There are 2 protein chains.
Amino acid sequence: MDVARSEVLVISTSVACRSCQARHGVVCGALSAGQLSELGRHSLRRKVDAGCEIIAQGSENSFYSNITRGVVKLCKVMSDGRQQIVGLQFAPDFVGRPFVRESTLSAEAATDAEICVFPRNLLERMILETRELQRSLHAQALNELDAAREWMLTLGRRTAEEKVASLLHLIAAHAETATSTAFDLPLSRAEIADFLGLTIETVSRQLTRLRKEGVIRIENIRHITVPDMDALAKKISG
Amino acid sequence: MDVARSEVLVISTSVACRSCQARHGVVCGALSAGQLSELGRHSLRRKVDAGCEIIAQGSENSFYSNITRGVVKLCKVMSDGRQQIVGLQFAPDFVGRPFVRESTLSAEAATDAEICVFPRNLLERMILETRELQRSLHAQALNELDAAREWMLTLGRRTAEEKVASLLHLIAAHAETATSTAFDLPLSRAEIADFLGLTIETVSRQLTRLRKEGVIRIENIRHITVPDMDALAKKISG
DNA sequence: ATTGCGATTTGATCCAGATCAAATCTCCGT
DNA sequence: ACGGAGATTTGATCTGGATCAAATCGCAAT
């Protein structure tokens, strides 16, 4: 997303922030009706296509957002092009790093998504003013920290097969279907590789291996079925 | 640390928490004089030897602490024994995971250390009551999250040499000497391996390689000198 | 339907780091 | 000073996953 353009849009909008309320967004869920109305006057509901960069690594944090639909990937890239996905976020997560000027990572829509965009200054003021918002963002930060550390174990100590199984398990847990036994992958093979610290070839080979073992079925390139979730879980050494 | 024993000690102490104040601990730095005095009556200053387990993975979070001296490692272990260090904490960091019943990781003193121990219930009440404490712990959680994600990049995408250089750089940045060009390693080779997702043999080989290249001098097994910090930094691809 | 191109899979080979196996080094207790 | 045991280094070899190289698939544009 282009920063200058987004600021123009923020100013021009005047509708209340209904999308977040509907999804119990982290931000809107913590605000009073009055605050919600003030925030709504300056916020913007925005559709972003898969691949759209919401925040660029190294750019100024000039706005924050709530995801209301879709999946966002957080990514770090090195100067020589190597890159690592360091987090996946799902609705209704908050996106952004409060209280730091420059972003150390990029946030990019992994699927088509919808976000609710808030101007930085207004939101930071509300965080400092509103205990419940602070508490709620603190809770999300702690949850993300738990997830990041769990993933550090996966990156540092699990085999390729365990890594792929871990990813499928993670996606299944966040899938929107009730059963979560069949789901769409929000990531391409290249993105999966960047999340797992592997190459696309290894990811592909491990997926076909899991398929041949009967642990998963690959309905098509982006759609997986897991006949027996326990069999998948057994692939991940605890 | 034995949980039952620590609770007895907490109850029996009645001195104010002066060690934290001196080090501007995350907790004590955020409290008023009155709160400090209440907290002090229920807190405990405690020396722990290197290797002492402060929190056990899977145990109940029944207290929190502030580090006032030394280094604490956060560690996750798998049922088959593989383990991964997922964070290092230095004075005056806060140790513990507020608002969650069971710890998903262990915290262990990496060096001889001193911590200030608070009972869980009292501290959680103070977090909810005291905006400044909430803010301060939120800030620490966000910093730890940044550090965890930076380390995910290291674990997933850097080579063994870059990993070892990254670790030395990290330690140097937290060293207590002003120059930080010479420092003690708070970790054994085995712990370094568990932090970097490598084996001890690879860690040892990369250290001697950096030594032979003149990037570091190994004064003795736990003490490193870096003649030129830029040369070390150049080993870490950005 | 056909073409074209990027994404994915599959195959062949390579190599960074793991594993197995000794030497050394450190340092503690006697 | 003298064991002795664990920690560290060094050496030899192996291997999981990377790299290089082709197919093959999926699908959008014509």
Side-chain angles (χ1 to χ4, degrees), chain A residues 49-51 73 78 80-84 110-112 154-168 184-213 216-224 235 237, chain B residues 49-51 73 78 80-85 110-112 154-168 184-213 216-224 235-237:
Chain A
D49 291 336
K73 60 178 182 170
M78 293 167 57
D80 63 5
R82 283 178 283 176
Q83 61 181 76
Q84 176 70 44
T111 63
D112 291 350
T154 299
L155 287 172
R157 290 302 186 198
R158 289 206 233 255
T159 65
E161 187 183 36
E162 290 170 338
K163 284 179 176 183
V164 171
S166 299
L167 179 78
L168 294 176
D184 286 320
L185 290 174
L187 303 177
S188 69
R189 300 294 186 265
E191 290 170 317
I192 293 173
D194 282 339
F195 199 13
L196 296 173
L198 298 171
T199 58
I200 53 177
E201 293 93 331
T202 300
V203 169
S204 176
R205 278 185 247 271
Q206 296 302 334
L207 283 171
T208 69
R209 186 217 272 237
L210 288 172
R211 176 172 58 73
K212 284 178 181 165
E213 287 178 346
I216 60 173
R217 270 184 300 162
I218 302 180
E219 307 295 352
N220 74 51
I221 220 157
R222 287 275 188 149
H223 196 257
I224 302 284
K235 288 288 169 187
S237 177
Chain B
D49 291 336
K73 61 177 180 170
M78 292 167 57
D80 62 6
R82 283 177 283 176
Q83 61 181 75
Q84 175 70 42
I85 294 181
T111 63
D112 291 351
T154 298
L155 287 172
R157 289 303 186 197
R158 289 204 233 255
T159 65
E161 186 183 36
E162 291 170 336
K163 284 179 175 182
V164 170
S166 298
L167 179 78
L168 295 176
D184 286 321
L185 290 175
L187 303 177
S188 70
R189 299 294 186 266
E191 291 171 316
I192 293 173
D194 281 339
F195 199 12
L196 297 173
L198 298 172
T199 60
I200 54 178
E201 293 94 330
T202 302
V203 169
S204 176
R205 278 186 246 272
Q206 296 302 332
L207 282 171
T208 69
R209 187 218 272 237
L210 288 172
R211 175 173 59 70
K212 285 180 180 164
E213 287 178 346
I216 60 172
R217 270 183 301 162
I218 303 180
E219 307 293 353
N220 74 50
I221 221 157
R222 285 278 189 146
H223 196 256
I224 301 284
K235 289 287 169 188
I236 311 164
S237 177

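Only a predicted model underlies this, so the values are computations on that prediction, with no experimental measurement involved. No hydrogens, no waters, no symmetry mates; every other heavy atom, side chains included, goes into these values. Proteins come first, then strands; the chains are lettered A, B, ... in the order of their sequence lines, and each starts at number 1.
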_With I192(B), the side chain to side chain contact (heavy atoms under 4.5 Å, CB included) member among I200(B), L198(B), L185(B)_ = L185(B)

*Counting heavy atoms from C-beta on, name the nucleotide in dT8(D), dT19(C), dT8(C) closest to the side chain of I200(A).*
dT8(C)

*asked:* Rounding to an integer number of Å, can you tell me how far R82(B) CZ sits from dG16(D) C1'?
replied: 13 Å

*asked:* Please report the distance, rounded to the nearest Å, between CD1 in I218(B) and P in dA7(D).
replied: 18 Å

_Atom pair distance, as rounded to whole Å: CD1 in I192(A) and P in dT8(C)_ = 8 Å

*Name the closest nucleotide to the T208(A) side chain, picking from dT8(D), dG17(C), dT10(C).*
dT10(C)

*Between atom CG in N220(A) and atom P in dT24(D), what is the gap in whole Å?*
21 Å

*Starting at atom CD1 of I224(A), determine the distance to atom P of dT8(C), rounded to an integer number of angstrom.*
12 Å

_Between R189(A) and I221(A) (side chain of the first, backbone of the second, donor and acceptor by atom type, cut-off under 3.5 Å), is there such a pair?_
yes

*In terms of the nearest nucleotide of DNA chain D, which residue is placed more toward the 5' end: E161(A) or V203(B)?*
V203(B)

*Looking at the side chain of I221(A), which of dT8(C), dG17(D), dT10(D) is the nearest nucleotide?*
dT8(C)

*Among dG17(D), dT10(C), dT8(D), find the nucleotide with the atom closest to the side chain of T159(A).*
dG17(D)

*Rounded to the nearest 0.5 Å, what's the gap from CD1 on I216(A) to CG on L207(A)? Could you check?*
5.0 Å

_T202(A) side chain near dG17(D) phosphate (N/O to OP1/OP2, under 4.0 Å)_ = no

_Rounded distance in Å - CZ (R209(A)) to C1' (dG11(C))_ = 16 Å

*How about Q206(B) and L210(B): do any of their side-chain heavy atoms sit closer than 4.5 Å?*
no

_Whether the side chain of R205(B) and the base of dG11(D) hold a donor-acceptor pair under 3.5 Å is what I'd like checked._
yes

*State which of dG11(C), dT10(D), dG17(D) makes the closest approach to the side chain of E201(B).*
dT10(D)

*Rounded to whole angstrom units, what separation is found between the CD atom of Q206(B) and the P atom of dT8(D)?*
17 Å

*Between dA18(D), dG17(C), dT10(D), which nucleotide has the shortest distance from any of its atoms to the side chain of T199(A)?*
dA18(D)

*CG of L185(B) versus P of dT8(D): gap in Å, rounded?*
10 Å

*Knowing that exactly one of T154(A), L167(A), V203(A), L155(A) qualifies, which makes a side chain to side chain contact (heavy atoms under 4.5 Å, CB included) with F195(A)?*
L167(A)

*Look at all strands and tell whether L207(B) reaches a base, only sugar-phosphate, or nothing, counting heavy atoms closer than 4.0 Å.*
nothing

